[in-house]
Amino acid sequence: MAEGLDGIECWYPSHDAGTTQICVNYCRERDLMMTAGADCHGSFETTQIGQLETPIAQLVLKDRI
């Protein structure tokens with residue numbers, strides 16, 4: 001936080017449900033942005049994130065510029 005953290009990639013293919021929930025809770029408690037990623041680097045990779053269990057309206061999405 002002291003280094004200027006704006007958010008965390010909460011939803012990521014290798015995160016289990018517990019890791020995702022820890023990230024989401026951390027962001028909510030600190031008013032940080034929450035993002036999702038696939039880390040796909042080309043058509044040779046198949047990545048699936050799945051459906052968000054958190055409604056978009058509950059995510060912290062804002063302009064930090």
Side-chain angles (χ1 to χ4, degrees):
M1 294 290 298
E3 297 297 324
L5 181 70
D6 287 325
I8 296 176
E9 191 171 65
C10 296
W11 293 273
Y12 187 75
S14 64
H15 286 180
D16 59 22
T19 301
T20 297
Q21 194 59 55
I22 289 168
C23 293
V24 167
N25 291 344
Y26 189 89
C27 288
R28 285 182 177 156
E29 291 167 4
R30 291 160 180 84
D31 193 33
L32 296 172
M33 291 184 284
M34 293 181 254
T35 65
D39 204 25
C40 182
H41 296 280
S43 59
F44 56 87
E45 262 185 58
T46 302
T47 306
Q48 181 178 356
I49 293 176
Q51 185 176 3
L52 295 177
E53 293 182 18
T54 302
I56 295 295
Q58 291 182 10
L59 299 179
V60 178
L61 304 172
K62 58 178 101 175
D63 186 6
R64 299 281 184 153
I65 298 174

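Note that the CD1 atom of I22 and the OG1 atom of T19 stand 5.5 Å from one another [nearest 0.5 Å]. Taking CD of Q21 as the reference point, atom CG of D16 lies at 11.0 Å (rounded to 0.5 Å).
Minimum heavy-atom separation, L32 to L5: CD2-O, 3.5 Å. In this structure, V24 and C10 approach most closely via the heavy-atom pair N-SG, 3.8 Å. In this structure, C27 and M34 approach most closely via the heavy-atom pair CB-CG, 3.5 Å.
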